[in-house]
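Convention: sequence-line order gives letters A, B, ...; per-chain numbering from 1.
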Amino acid sequence: MGRAMNLFSDIRALVVGALDAMTAAGELPAGLDFSAVAVEPPRDPAHGDMATNAAMVLAKPAGLSPRVIADKLAPRLASDPRIASAEVAGPGFLNLRLSPAVWRGLVHAVLTEGAAYGRSDLGQGTKVNVEFVSANPTGPMHVGHVRGAVFGDALARLLDFAGHQVTREYYINDGGAQVDVLARSAYERYREANGLEPDIRAGLYPGDYLIPVGEALKAKYGTSLLDKPESDWLVDVRNFATGMMMQVIREDLAALGVTMDVYSSEKALYGTGKIEAAIDTLRGMGLIYEGVLEPPKGKTPDDWEPREQTLFRSTAHGDDVDRPVKKSDGSWTYFAPDIAYHYDKIQRGFDLLIDVLGADHGGYVKRMKAVVAALSNGRVPLDVKLIQLVKLFKNGEPFKMSKRAGTFVTLRDVVEQAGADVTRFVMLTRKNDMALDFDFDKVLEQSKDNPVFYVQYANARVNSVLRKAREAGIACDDATLAGVDLSPLSHTAEFALAGKLAEWPRLVEIAARNNEPHRVAFYLYELASEFHGLWNRGNDDPDLRFIQEDSAKSQAKIGLARAVGVVISNGLGILGVTPVEEMR
RNA sequence: GGCCCCGUAGCUCAGGGGAUAGAGCGACCGCCUCCUAAGCGGUAGGUCACAGGUUCGAAUCCUGUCGGGGCCGCCA
């Protein structure tokens, strides 16, 4: 098997080859940089199948007018059998029309490559760490975590598809004060399990989900922890409770179809010298010092008083102010273990770090980038993806949850009501940094308003065609279709659909380069729309129906339909959504 | 006060150096003896917040202004 089909890079290679030939022929000066030469789908289909900006981007460095370059480039391209026509247009675009054989070859490639179609070697096997969710282990996951979980997982799948070696990682915040609160809360439930009145005082976690933790503590410890001072039981209860909470969180993630490769513990960084080592490394770079921060301008906290702290000189790497790594009492701030944690990720040899954080952590980005830049000597980029809020709706009305009453919407609630597939798709129908509306009714609606349904429906129609064809005795398994003569595909509408399929590998690379899985969801919507359009044209033009009288003709057209199904499946695979075979 | 994100059709949003700026909803007009009409086609609708700048070319990049949201030492 040859290398993977990517029609846009093939045609770009053709263009660059023609430019090389022009250079050799003295039509272009030697030594030009062709890296800005692009081959793209034109915005207006009337402009052809593909367009290149080569003449425009080379005009200035070549000292020639775009027109002169384009006029010489066009016939060179047109002499290739893949190019039906090459026309100069607009300010110097070269619009290309591809020959029917190219489109048939594209469909053939999709059918042959199957689940691999669109895979890319863009990533070159580089190691990427995607850290996401990282919810505090103090309770079940709630709706606020869902979007980050889906985004991180889809991003990981996307990067894997684009040729990276991906690690999905969860950082357990089990080292701070909030897990002590968890322990105290669980202890009260333990007392309750032993028939005592629990004291769920203000500041403790009131949720019912801790009742089983209390019972489990009773099963393990009996009555032995009762009437003991906190110092006797805090560590044990804390470990026990965080362990159980992490189990709950793993199950919550599994319900969403998310599996982590690595769970890293904040607590494990303490007492191992790792924090000290990371800080010492920074100190060796002259980036740690004792100093006093200025109060924030404009809105000084009432209780502000200047205190000397140990500070990280993050301003040396683009931050606005230096950041404390030690509190005034000498203990570490939350920032210190995060430094050690990112140092650890760098030392594990990742070439790229990605942190998926809630948008409320935006103020945290610069200092983390400063840390990673310093500790990796600028070798490892850190990309922080901020996830905006999800606003819940029910039937168009805002769905308010009250934290006071403890009635917060959990991840489980969302998955149980909407299903994991629908939840995942909808969460990816917005760019990560845009707020997203999630309406429990609308996401389940079966209409074109609902992109999940619309894409799934297209796939169901493909399967419907295959089913009907089989009933009619037409062989249409993948192996047969991959070997079928596609020459009956001849209509421009069919080639247009093939053109959409041709965009898939390119889309994957663009999405992966930008760490933007939502582009996959939008692409699938466009592909589905193109397919539904062709489907309906079969109403007017019987020649455009997939199932024909002639079985060889049927197989070619079914091959196109199946190719659409392949790409939808591959795309949904990146989103982590299961394609449906049939609508019900 | 500072920093980050956002501002595109009546509404919800794509596009993030290229041509006459797109989609869905809503409005209006059409399409089922035919593989699923749960769909499709068409019409109407825009100063891409505003003002400068860079560029052969800006919704896109830079600066500033206005508007919305988020964050800003001893919580994570």
Side-chain angles (χ1 to χ4, degrees), chain A residues 36 38 40 42-44 46-47 51 53 56-57 59-60 65-66 89-93 95 134-136 138 173 175-179 266 292-301 303-307 309 311 319-324 326-329 331 333-335 337-338 358-366 384 386 388-389 429-437 445-451 453-454 456-458 460-461 464-469 471-472 514 518-519 521-523 525-526 529 532-540 542 545-548 554 557-558 561 582-584:
Chain A
E40 298 172 327
R43 192 178 289 171
D44 185 344
H47 292 146
N53 61 358
M56 288 183 292
V57 299
K60 196 173 177 185
S65 81
F93 283 103
N95 289 333
S134 298
N136 291 336
T138 54
N173 288 115
Q178 77 282 354
V179 284
E266 176 192 359
V292 179
L293 287 176
E294 304 222 335
K297 295 257 163 59
K299 196 178 64 177
T300 308
D303 58 346
W304 177 274
E305 47 186 281
R307 284 182 185 156
Q309 294 172 288
L311 300 170
D319 202 357
D320 309 301
V321 291
D322 294 336
R323 307 291 178 174
K326 272 188 183 176
K327 303 174 193 173
S328 48
D329 68 0
S331 64
T333 63
Y334 65 90
F335 184 39
D338 261 5
D360 55 343
H361 288 66
Y364 194 55
V365 174
K366 282 191 179 184
V384 181
L386 297 177
Q388 261 294 353
L389 293 179
T429 54
R430 286 287 178 273
K431 217 156 70 174
N432 56 284
D433 53 12
M434 296 285 280
L436 179 142
D437 293 345
E445 203 171 283
Q446 304 214 326
S447 77
K448 68 181 299 190
D449 312 13
N450 181 358
F453 166 79
Y454 190 74
Q456 292 282 29
Y457 184 38
R461 277 181 155 175
S464 167
V465 167
L466 294 170
R467 204 164 48 242
K468 296 275 179 187
E471 285 166 11
N514 294 290
H518 75 277
R519 289 173 185 263
F522 281 95
Y523 169 82
Y525 186 88
E526 291 168 13
S529 175
H532 287 310
L534 180 60
W535 178 285
N536 246 75
R537 290 190 63 169
N539 290 340
D540 301 325
R545 293 177 197 165
F546 295 101
I547 295 177
Q548 301 281 329
S554 284
K557 307 220 178 233
I558 292 166
E582 200 173 353
M583 305 309 296
R584 292 177 202 284

Base, sugar-phosphate, or nothing: which does [X] touch, judged by heavy atoms less than 4.0 Å apart?
{"X": "Q309(A)", "result": "sugar-phosphate"}
{"X": "R430(A)", "result": "sugar-phosphate"}
{"X": "Y525(A)", "result": "sugar-phosphate"}
{"X": "D44(A)", "result": "nothing"}
{"X": "H361(A)", "result": "base"}
{"X": "Y454(A)", "result": "sugar-phosphate"}
{"X": "E266(A)", "result": "sugar-phosphate"}
{"X": "R545(A)", "result": "base"}
{"X": "M56(A)", "result": "base"}
{"X": "V365(A)", "result": "nothing"}
{"X": "D320(A)", "result": "sugar-phosphate"}
{"X": "A435(A)", "result": "sugar-phosphate"}
{"X": "R323(A)", "result": "nothing"}

Heavy atoms of R323(A) and G363(A) approach each other most closely as NH2-O, 4.3 Å
If you take all heavy atoms of D319(A) and K366(A), which pair is closest and at what distance? OD1-CB, 3.4 Å
Starting at atom [atom1] of [X], determine the distance to atom [atom2] of [N], rounded to an integer number of angstrom.
{"X": "L436(A)", "N": "rG24(B)", "atom1": "CG", "atom2": "P", "answer": "20 Å"}
{"X": "D329(A)", "N": "rG73(B)", "atom1": "CG", "atom2": "P", "answer": "17 Å"}
{"X": "R519(A)", "N": "rG15(B)", "atom1": "CZ", "atom2": "C1'", "answer": "8 Å"}
{"X": "R537(A)", "N": "rG42(B)", "atom1": "CZ", "atom2": "C1'", "answer": "14 Å"}
{"X": "F522(A)", "N": "rG15(B)", "atom1": "CZ", "atom2": "C1'", "answer": "10 Å"}
{"X": "D319(A)", "N": "rG2(B)", "atom1": "CG", "atom2": "C1'", "answer": "11 Å"}
{"X": "H518(A)", "N": "rA23(B)", "atom1": "NE2", "atom2": "C1'", "answer": "14 Å"}
{"X": "F546(A)", "N": "rU36(B)", "atom1": "CZ", "atom2": "C1'", "answer": "13 Å"}

With a 4.0 Å limit, can you tell me whether [X] has a side-chain N or O closer than that to the phosphate oxygens OP1/OP2 of [N]?
{"X": "K431(A)", "N": "rG15(B)", "value": "yes"}
{"X": "K60(A)", "N": "rC56(B)", "value": "yes"}
{"X": "R307(A)", "N": "rC74(B)", "value": "no"}
{"X": "S464(A)", "N": "rU36(B)", "value": "yes"}
{"X": "K448(A)", "N": "rC40(B)", "value": "yes"}
{"X": "K366(A)", "N": "rC72(B)", "value": "no"}

For a quick check, tell me whether the side chain of N95(A) and the base of rA19(B) share a donor-acceptor pair closer than 3.5 Å. yes
For rG41(B) versus rC32(B), give the span between their P atoms, rounded off to a whole number of Å. 16 Å
Whole-Å C1' distance, rU54(B) and rC62(B): 7 Å
Whether F453(A) and Y457(A) hold their rings parallel, tilted or perpendicular, with breakpoints at 30° and 60°: parallel
Relative to each other, are the rings of Y364(A) and Y334(A) parallel, tilted or perpendicular (30° and 60° limits)? tilted
With respect to the side chain of [X], which nucleotide from [options] is positioned closest?
{"X": "I547(A)", "options": "rC35(B), rG73(B), rC13(B)", "result": "rC35(B)"}
{"X": "R43(A)", "options": "rA19(B), rA76(B), rU36(B)", "result": "rA19(B)"}
{"X": "W535(A)", "options": "rC25(B), rU36(B), rG15(B)", "result": "rU36(B)"}
{"X": "M583(A)", "options": "rA76(B), rA59(B), rU36(B)", "result": "rU36(B)"}
{"X": "A460(A)", "options": "rG73(B), rA14(B), rU36(B)", "result": "rU36(B)"}
{"X": "M434(A)", "options": "rC40(B), rA19(B), rC13(B)", "result": "rC13(B)"}
{"X": "D360(A)", "options": "rG70(B), rG73(B), rU36(B)", "result": "rG70(B)"}
{"X": "K468(A)", "options": "rC35(B), rG73(B), rA76(B)", "result": "rC35(B)"}

Enumerate, in order of first residue number, the stems that involve RNA chain B, defined as 3 or more consecutive Watson-Crick or G-U wobble pairs with both distances under 3.5 Å. B:1-7 with B:66-72, B:10-13 with B:22-25, B:27-31 with B:39-43, B:49-53 with B:61-65
In terms of the nearest nucleotide of RNA chain B, which residue is placed more toward the 5' end: N136(A) or E40(A)? E40(A)
With the stacking rule set at 5.5 Å and 30°, tell me whether H532(A) counts as stacking on rG39(B). no
N136(A) versus T138(A), side-chain donor and acceptor atoms under 3.5 Å: no
State, without any angle test, whether Y523(A) and R519(A) hold a side-chain donor-acceptor pair at a distance under 3.5 Å. no
When you compare the side chain of D449(A) with that of Y454(A), does any pair of heavy atoms fall below 4.5 Å? no
Syn if the chi torsion is within 90° of 0, anti otherwise; quick check, which is rC32(B)? syn
Is it the case that atom CZ in R545(A) sees more than 12 heavy atoms from other parts of the structure closer than 6.0 Å? yes
Identify, with sequence neighbours excluded, every residue that meets ring-ring contact (aromatic ring centres under 6.0 Å, His included) alongside F546(A). F531(A)
